[in-house]
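Each ligand, and each atom within it, is numbered from 1 in the order the structure gives. Each residue takes its place number in the sequence, starting with 1. Just the heavy atoms: all of them, side chains too, but no hydrogens, waters or symmetry mates, feed the values below.
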Amino acid sequence: MAGTGDPKNFSANNDILKERESLLNFTKFLILTKPMQCIINRRAQFSASHRYWLPEWDEAQNREKFGVASQFPGHGHNYVLSVSLVGEIDTYGMVENLSIVKKVIKQEVTSQLDYGYLNDVWPEFEDTLPTTENIARVIWQRLAPRLPLVKIQVFEHPQLWADYQGNAMKATLTVQTHFSAAHRLALPELTLEQNSEIYGKCARIHGHGHNYHLEVSVAGEIDPRTGMLVDLDGLHQVINDYVVEPFDHSFLNKDIPYFAQVVPTAENIALHIAQLLQKPIQELGAELDKVKLIESPNNSCEIYCNQSLQPQEILSYREPALTGIK
Ligand SMILES: [Zn+2]
Ligand SMILES: [Zn+2]
């Protein structure tokens, strides 16, 4: 290093080191004295029925908008509720006393909704239909005066859930689906040996397959009357038309034109799915929020879609990174 032999420079370097050390100690002091925030999650469940039916519409209008969910006298779900709370860890080592949290959730929510007909149980559902996203919103309103909420999550079933974070009529709805596909991870400009060095067994020339699980989250405003932030049938249709139908039982590298140029890693598949879905979901009146692709129980990835998903930006992901790989 230049100048390290010079005693004057040595003392200057020493001063800098001392200054850094005191800054580090001050940072440690700040971290240790700042109250520790922690999020806790409490799960609960209830079984309830509901019907998507607006009395001001005739049978045909209800049927067209809500499909079989408009049928008399309704249908039911085993709902799972997750309540997330934030706070500092108190002298008892807790954010909130869980036995109190449990009691409040039971008192304010599950004891009232369990085995009930949601449309009639709470007056809020007379104004806005009890869709998954609206149930999450109303549960937030009911619990917020008593618990330090950060998120309410309601699962209608394992393939459909809503997240609400106290943001007026804004919510997120997630649907889960799956497809099976084969792929091979290799860059065309590299030798088999080089590809194997980077991608391991995934570079084997005849490829291999996965049962992919796909979660698509869309964000939007809950309609004050229908309770829907997006047309659910429309969303399923878009995911099916743009992703499941073309991807299912395909060899991604050969059957999906995009992957002729781009290596179909889980990350690149998720990114391409986000690119495919962004516009059609906008046309349904919602925003694509997140795409999560689960390749195996050990491997998944998430693309947050509040950023540009333009194809040219992903080219940098393709730069071969041979150096430093053992
Ligand atoms: Zn339902
Ligand atoms: Zn694979």
Within 2.8 Å of the Zn ion (ligand 2), is there any N, O or S atom belonging to C202?
no

Side-chain H-bond candidate by donor/acceptor type, N41 with S82, under 3.5 Å
no

Tell me which N, O or S atom of H77 sits nearest to the Zn ion (ligand 1).
NE2

Side chains of E156 and T132: any donor to acceptor distance under 3.5 Å?
yes

Restricting to N, O or S, what is the name of the atom of H210 that lies nearest the Zn ion (ligand 2)?
NE2

Identity of the N, O or S atom of H75 lying closest to the Zn ion (ligand 1)
NE2

Do you see a donor-acceptor pair shorter than 3.5 Å between the side chains of D233 and Q237?
no

Do N298 and S296 have side-chain atoms, one donor and one acceptor, less than 3.5 Å apart?
no

